[in-house]
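Down below is the structure, laid out as structure tokens.
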2 protein chains.
Amino acid sequence: MATRPTRPAQRARYDARRDDLVRGAARVFAERGYDQTSIPELAEALGLGTGSLYHYVPGKEQLLIAICDQLMEPLLARVAELDQPDPAARLRALVRLWVAHVVEHRDHMLVFQQERHVIEHGAQWKSVRTSRKRFDRLLEDLLGEAGVADPQLAHWALLGMVNHTAQWFRPRGSRTPQEIADGYVDLVLPPTPPSVRPAGP
Amino acid sequence: MATRPTRPAQRARYDARRDDLVRGAARVFAERGYDQTSIPELAEALGLGTGSLYHYVPGKEQLLIAICDQLMEPLLARVAELDQPDPAARLRALVRLWVAHVVEHRDHMLVFQQERHVIEHGAQWKSVRTSRKRFDRLLEDLLGEAGVADPQLAHWALLGMVNHTAQWFRPRGSRTPQEIADGYVDLVLPPTPPSVRPAGP
DNA sequence: CACTGTACCGAATGGTCGTTCGAACTTCGA
DNA sequence: TCGAAGTTCGAACGACCATTCGGTACAGTG
């Protein structure tokens, strides 16, 4: 059974290890696929014995949920901190943040996308679905405020473009995440001269 | 074993039935997921006995390949028939065709997307990978000719937007596939007045 | 040092899956 | 109408999977 240490001093270590394992699982699942990877295979890829995994995660599906949480929670946290007063500037900042998050969590994204049907239908997945809805709503509202010509279409278009980035972006490629993000924003926003753009982070 | 009739007269029937079954399998897999659907479950959903499926398809993975072929081949065929001399007009026609194809094959698209890793790595998947590459190349070239500001980014952006359409489009929604396609094209192309646009199909 | 909570292990288990197969039934050409 | 070709069936089979469990080794604390 997955048991968290009772001694507070050791809990930090346990949590950190767990986070690492979840991250590693995301990497393995992204490459081999969730269903095609057996627990013994996964454990070996993580440098663990078969049974040891269950010390940190109660089961395979919970592991998948943990991967999605590791993807969604920090994104929502970072988005909540946006404070640009101008909607267009806030939109640009959001997309920059978002693209950066996607490329930093490529593996998580790929797993997230290929398990769409479980996320949509599974009973234990309500929290993940809620997170996604929160983000959706936020984006749609912002697009409306920012004066986009067709906010609804722009919403779907952005979701498609940005999430798809996980499938082609390569760290050694010729563009930075920020350049990509700005390219996306320029597609949906009436372009502004570069001099008006907020500087990078 | 999956055996095609030797009598030519019956082959047409057999092929049509097989196509129907593949289509049905796409629908079931899109909803429940490929790995989460067992062969007995699938057979029942298709109104067949467990063993009967194997009369038409040699195995579960071949069934998945058949679904992808049923998606890619007609699209490439329709694309090959485009004959607009003006590149921008050809681009618009291509995207209209493409979006229409995506919404008509929603189930196939959803399966295609969630099985990305198998398609990319599997040994028997070379033909599907080749088809996708052909389409990619074609789109990229056309974007260059059509005078898009940033053809490479537009290429990835379009792929993301259009393919993502399968995940949100509903037949009873407020937009036609053609309106959606035109919206996408207007994002990547310097907009032209509606009067200059080619008429619908 | 002794003791206790923690980390790790891998063979064993029960269940489910994809696939096979021999037989029964149906269709069709002659 | 007869026989062969085509179609359907579902129980049976071997393989493999997620998970469990009894146990060993280790680390921190008193």
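A note on names: the letters A, B, ... follow the listed sequences, proteins ahead of strands, and every chain is numbered from 1.
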Kindly indicate, with the supporting measurements, whether the criterion side chain to side chain contact (heavy atoms under 4.5 Å, CB included) is fulfilled by Tyr34(A) and Leu63(A). CA-CA 10 Å; Tyr34(A) 171 76; Leu63(A) 180 54; 5.8 Å; no
Specify the residues of residues 26-42 of chain A, ordered by number, for which at least one heavy atom lies under 4.0 angstrom from an atom of DNA chain C. none
Identify, residue by residue, the members of residues 113-126 of chain B with a heavy atom below 4.0 Å from DNA chain C, and return them in order of residue number, or none. none
Presence of Thr50(A) side-chain N/O under 4.0 Å of dG10(C) phosphate oxygens OP1/OP2: no
Comparing nearest nucleotides in DNA chain C, the 5'-proximal residue of the pair Gly59(B), Ala9(B) is Gly59(B)
Once salt bridge (charged side-chain N to carboxylate O under 4.0 Å, His left out) is applied, what residue pairs with a partner in [range] remain, sequence neighbours excluded?
| range | result |
| --- | --- |
| residues 76-87 of chain B | Arg78(B)-Glu104(B) |
| residues 165-175 of chain A | Arg175(A)-Asp150(B) |
| residues 38-58 of chain A | none |

Measure from [atom1] on [X] to [atom2] on [N] and round the result to the nearest Å.
| X | N | atom1 | atom2 | result |
| --- | --- | --- | --- | --- |
| Arg7(A) | dG5(C) | CZ | P | 6 Å |
| Gln10(A) | dG5(C) | CD | C1' | 7 Å |
| Tyr54(A) | dC8(C) | OH | C1' | 15 Å |

Would Asp15(A) and Arg4(A) pass as an ion pair if we require N to O under 4.0 Å? yes
Summary of ring-ring contact (aromatic ring centres under 6.0 Å, His included) pairs that have at least one residue in residues 110-138 of chain B, sequence neighbours excluded: Trp98(B)-Phe135(B)
Which donor-acceptor pairs under 3.5 Å do the side chains of residues 138-149 of chain A make with protein atoms, sequence neighbours left out?
from      : atom 1 : to       : atom 2 : distance (Å)
Glu145(A) : OE1    : Arg90(A) : NH2    : 3.0

Could you label the plane-to-plane angle of the His108(B) and His105(B) rings as parallel, tilted or perpendicular, counting under 30° as parallel and over 60° as perpendicular? perpendicular
What residues form a side-chain hydrogen bond (donor to acceptor under 3.5 Å, both in side chains) with [X], not counting sequence neighbours?
| X | value |
| --- | --- |
| Glu120(B) | Arg116(B) |
| Thr165(B) | Tyr184(B) |
| Asp69(A) | none |

Counting any heavy atom closer than 4.0 Å, what does Thr3(A) reach on the DNA or RNA strands: base, sugar-phosphate only, or nothing? nothing
Within residues 14-25 of chain A, find the residues that approach DNA chain D with a heavy atom at under 4.0 Å, and present them sorted by residue number. none
Working to the nearest 0.5 Å, report the span between NZ of Lys60(B) and CG of Leu42(B). 8.0 Å
Please test Leu91(B) against Gln84(B) for side chain to side chain contact (heavy atoms under 4.5 Å, CB included), starting from the C-alpha separation and ending with a verdict. CA-CA 9 Å; Leu91(B) 175 63; Gln84(B) 290 80 355; over 6 Å; no
On DNA chain D, reading 5' to 3', which nucleotide is the first and which the last to sit with an atom under 4.0 Å from a heavy atom of chain B, could you check? dA5(D) to dG10(D)
